[in-house]
Amino acid sequence: MTNQHATEPTSDERSTDTTAGDERDPLFARIPRRDFMVAGAATGMMGSLAGCTGLLSGDDQTSAADVDTEVPPGEHDDYYAFLSGGHSGDIRVYGVPSMRQLMRIPVFNVESARGYGFDDETHEMLQNSGGYTWGDTHHPRVSQTDNTYDGEWLFVNDKANGRMARIDLEYFETDAIIDLPNHQGTHGACALMPDTRLVFGVGELRVPIPNDGRDLDDPSEYGSTLSAMSADPFDHEWDVMVDCNLDNGDSGKEGEWFFTTSYNSEEGVTEQEMTAADTDYVVAFNIPRIEDAVDAGEYEEINGVPVVDGTEDSPLNDGDEPLVRYVDVPTNPHGVSVTPDGRYAIASGKLDPTCTVIEIDRLNEVDDPNDAVVGRVNVGNGPLHTAYDGRGHAYTTLFVDSQVVKWDIEAAVDAEMGSEDPVIEKHDVHYSPGHLIAAESYTGDPQGDWLIVLNKLSKDRFLPVGPVFPENDQLFYIGDDDAGMELVKDTPAYPEPHDASIVRADRLDPASVYDPDDLELDFISPDDEENFIERDGDQVHIEMYNQRNHFGFDDITVQEGDEVTIRSTNIEQEEDIIHSVAIPQHDVNVKLAPQETREVTFTADEPGVYWIYCAYFCSALHLEMRSRLLVEPAD
Ligand code: CUK
Ligand code: CUA
Ligand code: CA
């Protein structure tokens with residue numbers, strides 16, 4: 001068997017010419033043509049993929065042609081990937097297939113490069129949602145219309161503090177955060193499909209609800225909730241309570257069901273207790289029925305939120321139209337995701353080597369929800385998450401085996417329970433994968449070309465950087481079922497992405513300068529009357545424009561002890577000319593992109609001279625772009 005890399009591609013095969021005269025969709029121009037692969041096979045590139053446990057019948061297995069992931073200087077990627085930053089608290093934006101990091105979007109973290117958390121507006125947003133300086137983002141999900149990404153919003157959870165955030169994809173900035181009072185940690189996050197009518201945060205950690213000191217050491221009284229929010233405006237609508245815990249979540253495609261896993265049906269508090277039972281749950285929430293209960297007043301208000309009783313013994317779950325159905329699945333499941341056609345919810349076993357296939361329509365037909373289970377495939381050890389290519393295949397990460405397994409969904413429905421037969425192929429990854437995500441896998445129409453596997457461990461894959469290792473996000477090409485999965489790129493990732501969404505670039509329409517009408521604060525032009533320094537007692541209010549290479553005032557004089565508010569507009573029209581208002585020794589750092597207006601409030605508590613300067617390198621006279629803040633000593 002020859003290694004696929006033994007034969008160097010010819011210069012033709014290595015071509016990066018994306019304008020070659022053919023009729024392919026320019027979006028997919030970089031994917032090699034079928035004839036490359038035939039040529040590759042003909043020149044002796046037969047054999048198994050490096051690191052691939054070949055399950056295809058031996059000699060027929062051709063390697064994939066070398067897939068071109070190069071995005072030459074000046075060219076753009078075909079996709080955006082939005083990766084959660086884990087306990088960095090942010091979102092990272094990558095281009096795919098280059099895997100270049102394009103931007104970071106601070107969400108729950110204070111971040112100086114973008115001045116996030118420094119100006120009054122973002123500071124207050126963080127203060128009003130709990131005042132924490134960090135969060136733990138896991139599940140970034142992009143809004144959809146008709147089960148297709150619409151590029152409007154991205155929603156993400158905070159596992160650390162029980163919050164959900166909304167990111168505006170016009171400006172690539174966090175614009176709203178909701179503190180969910182009945183959540184200790186919000187883990188899963190996903191909108192209700194097909195149209196993002198609601199956004200869900202999945203409460204993971206069981207606590208007394210309300211958590212006000214009652215039932216401290218009586219875990220049988222603990223619970224968790226699924227929280228529903230409207231997307232725009234971003235408002236908390238209701239919770240539904242369960243006894244067990246809730247973990248990951250995904251939406252059905254028809255606005256009816258929302259699925260989560262639960263690994264703690266035991267309602268335990270120790271590892272031993274939480275792993276005692278042979279089965280836990282996929283919890284299926286019937287959203288219209290829950291909404292009807294809210295409308296009918298069948299809830300208890302807790303912490304200002306209508307909370308519907310969805311526990312197993314709830315009277316609302318009696319009868320023909322239960323609000324919440326509990327499906328038994330093997331012990332301590334983790335990921336759950338709905339197939340692109342909306343037929344099945346597939347849950348990964350984590351402690352059990354299987355994925356369980358639930359037929360969603362059957363949930364309305366069967367008396368015993370366990371009768372909705374139509375398949376159970378033995379995929380390997382430690383299955384965590386499943387993604388889709390839109391061609392009927394599922395791809396599941398195996399944390400323990402350090403592999404990705406590709407399997408056939410309908411074959412799993414046809415096969416005996418527990419069969420390995422639906423498995424098509426396994427490929428090693430490096431190492432210990434958590435999530436994986438295929439291009440547009442969460443929509444009704446996955447693109448079927450790229451797959452990113454988010455490996456928790458990188459070990460020997462990169463230059464050593466001390467005891468804290470980067471993660472390793474590996475890019476696979478999955479567009480050729482005959483050739484199999486091809487590993488094409490390792491990408492070190494700063495700790496610690498958990499999940500991602502990959503969105504076709506043409507679905508987004510980001511702004512390159514601000515529209516002043518979209519901002520809360522009024523634009524400040526260079527007109528004299530719009531630039532002023534006003535005193536009211538010991539409060540000083542300053543409004544000034546800025547542009548290359550000066551601020552509206554050369555000097556600003558205040559008194560020791562004054563509370564100073566500076567509001568400033570970057571009046572530049574030209575994209576990418578960013579300024580800032582930075583003041584040494586006052587923790588002031590406000591980024592101002594073109595046409596943006598922000599304000600910052602601080603106390604001038606030490607007399608002296610302070611140079612207000614611009615921290616973005618904006619022009620040749622960037623260093624000269626500064627003003628003096630003169631703080632006069634108090635009498
Ligand atoms: S995740 Cu949050 S523990 Cu598997 Cu979706 Cu990493
Ligand atoms: Cu403006 Cu540097
Ligand atoms: Ca369990």
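For reference, positions follow the sequence shown, starting with 1. Counting convention: from 1, in listed order, for ligands and their atoms alike. When reading the values below, keep in mind they use all heavy atoms of this one structure, side chains included, and skip hydrogens, waters and symmetry mates.
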At a threshold of 2.8 Å, where the distance has to be below it, does atom 2 (Cu) of ligand 1 have an N, O or S atom of H187 nearby?
yes
Do the side chains of D136 and K159 get close enough for a salt bridge, i.e. N-O under 4.0 angstrom?
no
May I ask you to check if any N/O/S atom from H385 comes under 2.8 Å of atom 4 (Cu) of ligand 1?
yes
Atom 1 (Cu) of ligand 2: angle it makes with SD (M625) and SG (C618), nearest 10 degrees
110°
Just wondering, do M544 and S568 contact through their side chains at under 4.5 Å, heavy atoms?
yes
Under-4.0 Å salt bridge between R163 and D179
no
Could you tell me whether the side chains of T601 and T565 share a donor-acceptor contact shorter than 3.5 Å?
yes
Where atom 1 (Cu) of ligand 2 is the centre, what is the SG-to-ND1 angle for C614 and H579, rounded to 10°?
120°
With a heavy-atom distance limit of 4.0 Å, tell me whether K159 approaches ligand 1 through its side chain, its backbone, both, or neither.
neither
I want to check something: taking the side chain as every heavy atom from C-beta on, are I578 and K591 in contact at a cut-off of under 4.5 Å?
yes
Heteroatom N/O/S of H139 within less than 2.8 Å of atom 2 (Cu) of ligand 1
no
Can you list the atoms of ligand 1 that are under 4.0 Å from a heavy atom of N248?
5 (Cu)
Out of H498, E496, H435, H334, indicate the one that has the non-hydrogen atom closest to atom 4 (Cu) of ligand 1.
H334
Side chains of H187 and N157: any donor to acceptor distance under 3.5 Å?
no
State whether a side-chain donor-acceptor pair under 3.5 Å links S227 with D239.
yes
Quick check on contacts: which atoms of ligand 1 are under 4.0 angstrom from a heavy atom of H138?
1 (S), 2 (Cu), 3 (S), 6 (Cu)
Is it true that L384 lies under 4.0 Å from ligand 1, counting heavy atoms only?
no
